[in-house]
Protein chains: 2
Amino acid sequence: MPLAPAVQQGRQKDSRTAILDAAERAFADLGFGGASIRAIARDADVNQAMIHYYYQNKDQLFSAVVARRSGEINTRRNLALDALFDGDIPTLEVLVEALLRPTIELGHDNERGGDAYARLIVSFNNSADDRSRRAATEHYDPIARRSIGAIMRVMPELEKAAAVRGYLFAISVALSVMAKTGRASRLSDGLCDDTDTEETVASVVAFACAGIRALANNKQK
Amino acid sequence: MPLAPAVQQGRQKDSRTAILDAAERAFADLGFGGASIRAIARDADVNQAMIHYYYQNKDQLFSAVVARRSGEINTRRNLALDALFDGDIPTLEVLVEALLRPTIELGHDNERGGDAYARLIVSFNNSADDRSRRAATEHYDPIARRSIGAIMRVMPELEKAAAVRGYLFAISVALSVMAKTGRASRLSDGLCDDTDTEETVASVVAFACAGIRALANNKQK
DNA sequence: GTCTATAGTTCGATAGAC
DNA sequence: GTCTATCGAACTATAGAC
């Protein structure tokens with residue numbers, strides 16, 4: 001009796017996500033160049049040739065890893081922005097929390113491997129090679145533009161250059177918090193462990209909002 | 001007539017720094033795993049075997065790259081801290097600027113290759129592999145502890161956990177500014193190019209100080 | 001879809017001549 | 001110190017059987 005198509009499809013999907021999960025960890029921990037398809041296949045418990053069958057080559061595998069996560073973050077952010085601006089203009093705190101929460105929560109979701117993607121996004125967000133630039137531009141520039149526009153609506157006195165800076169500064173803080181691996185607790189001798197998601201969100205939001213307001217007062221040029 | 005020792009020594013030193021410069025660019029652009037000793041040797045215009053002769057292996061070459069820059073930053077930061085606390089307690093703005101300026105200025109010093117090191121430091125500061133952790137712990141934890149202590153002296157009402165967070169947030173903003181490669185100007189349609197070092201320092205300092213003060217008001221736990 | 005086998009590169013590191 | 005030559009291992013990607 002041949003395998004039912006449903007079962008085959010189920011196994012396909014499992015293999016595909018197992019590959020993405022393993023690739024995400026590998027790219028995050030070893031970088032694109034340091035990660036090897038062989039090791040990813042071993043980690044995902046699939047045959048090496050399957051990775052080429054599903055994703056053709058290493059570059060497209062990398063793209064698939066980024067696309068999966070950015071899609072989720074962008075969807076959540078866009079929904080939050082839609083909801084925020086359908087009535088009164090929200091406060092800066094509410095807006096910034098809506099922007100940063102999806103990112104920080106994903107980074108704290110270790111069960112789903114969010115910690116690995118956190119390190120990965122920090123890496124390509126700060127790298128200058130073509131592959132990294134493409135990932136950032138393609139997957140994150142549109143939502144960045146919309147977010148900057150939202151900040152300017154909430155704080156009309158902020159010049160555009162300051163709003164861009166404020167957004168980038170806030171995101172960099174949120175990303176580094178996502179990717180931090182024991183550095184906070186090491187430096188504080190265990191006093192500050194960053195495990196508590198709500199406490200982390202509150203700290204980052206407070207820090208970023210005060211910073212953005214300071215950029216409004218601190219006249220540039 | 002044999003070569004004079006002075007000439008030989010001069011060439012040695014040039015080769016060593018040429019290797020470090022090329023390695024810094026390679027590690028920053030391609031990651032540790034993606035960089036190859038062969039390509040570094042080609043870029044530095046030295047024989048491949050010379051890299052092993054001077055630095056034994058890839059890991060020790062990486063260490064040497066990090067040590068060269070961190071030594072400079074740490075020296076400048078320690079001198080600044082010594083000077084700041086020999087009389088009255090400085091303001092938070094003065095302290096934060098003293099902490100961040102060496103880092104930001106190095107990142108803007110493209111002629112000396114500081115932009116490459118900027119990307120490199122962001123990379124290992126946010127990575128979880130042993131090599132990156134070792135680089136961060138060994139070269140930057142001591143000055144980080146001293147800096148956190150200084151922040152607490154300037155703001156006695158700040159709890160230690162908040163001071164640690166404030167320091168890490170401020171550093172992450174400064175580092176991401178160093179490493180940013182056209183993203184600010186792309187998102188602002190050229191309005192904000194981050195070429196002006198003084199303007200950048202002023203923005204980051206204003207943002208970070210306001211953020212740290214907000215952490216003091218925002219009672220944790 | 002799944003696998004083996006392998007072609008074709010490139011890598012880090014070393015040995016040894018000069 | 002500087003170089004060539006090379007070993008042995010790892011890599012990406014593909015061809016082709018089932």
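First the proteins, then the strands, lettered A, B, ... as listed; each starts at 1.
- For A:D59, the CG atom is densely surrounded, since the number of other residues' heavy atoms within 6.0 Å is greater than 12.
- Residues satisfying the ring pair (Phe, Tyr, Trp, His ring centres under 6.0 Å) criterion with B:Y167, sequence neighbours excluded, are absent altogether.
- One atom, CD1 of A:I19, and another, P of C:dG1, lie 11 Å apart when rounded to the nearest Å.
- One can place CD1 of A:I51 at 14 Å from P of C:dT4, the figure rounded to the nearest angstrom.
- B:N57 has its CG atom 5 Å from the P atom of C:dA13, to the nearest Å.
- Atom C1' of nucleotide C:dA13 and atom CG of B:D59 are separated by 13 Å, given to the nearest angstrom.
- By the 30° and 60° cut-offs, the orientation of the rings of B:F207 relative to A:F207 is perpendicular.
- When the P atom of D:dC11 is taken as reference, atom CG of A:L61 falls 15 Å away, rounded to whole Å.
- What separates OH of B:Y53 from P of C:dA15 is a distance of 15 Å, to the nearest Å.
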Donor-acceptor list for residues 112-119 of chain B side chains, cut-off 3.5 Å, not counting sequence neighbours:
{"residue": "B:R112", "atom": "NH1", "partner": "B:D109", "partner atom": "OD2", "Å": "3.1"}
{"residue": "B:R112", "atom": "NH2", "partner": "B:E72", "partner atom": "OE1", "Å": "2.9"}
{"residue": "B:R112", "atom": "NH2", "partner": "B:E72", "partner atom": "OE2", "Å": "3.3"}
{"residue": "B:Y117", "atom": "OH", "partner": "B:Y140", "partner atom": "OH", "Å": "2.6"}
{"residue": "B:R119", "atom": "NE", "partner": "B:D29", "partner atom": "OD1", "Å": "3.4"}
{"residue": "B:R119", "atom": "NH2", "partner": "B:D29", "partner atom": "OD1", "Å": "2.5"}

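- Counting heavy atoms from C-beta outward, B:L61 and B:F27 have side chains that approach closer than 4.5 Å.
- The phosphate of C:dT2 (OP1 or OP2) has a side-chain N or O of A:Y54 nearer than 4.0 angstrom.
- The side-chain heavy atoms of B:I37 and B:Y55, taken from C-beta on, include no pair separated by under 4.5 Å.
- When the C1' atom of C:dA13 is taken as reference, atom CD of B:Q60 falls 13 Å away, rounded to whole Å.
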>> Under the criterion salt bridge (charged side-chain N to carboxylate O under 4.0 Å, His left out), I'd like the reasoning laid out for A:E138 against A:R134: C-alpha separation, chi angles, the key distance, then a yes or no.
In response: CA-CA 6 Å; A:E138 193 174 312; A:R134 214 178 315 124; 5.7 Å; no
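- Between D:dA13 and A:H52, a contact under 4.0 Å exists linking OP1 or OP2 to a side-chain N or O.
- Nearer to the 5' terminus of DNA chain D, by closest-nucleotide assignment, is the contact made by B:M50 (compared with the other of B:M50 and A:Q48).
- Listed by residue number, the members of residues 30-41 of chain A with any heavy atom below 4.0 angstrom from DNA chain C form an empty set.
- Rounded to a whole Å, the NZ atom of B:K58 is 18 Å from the P atom of D:dA9.
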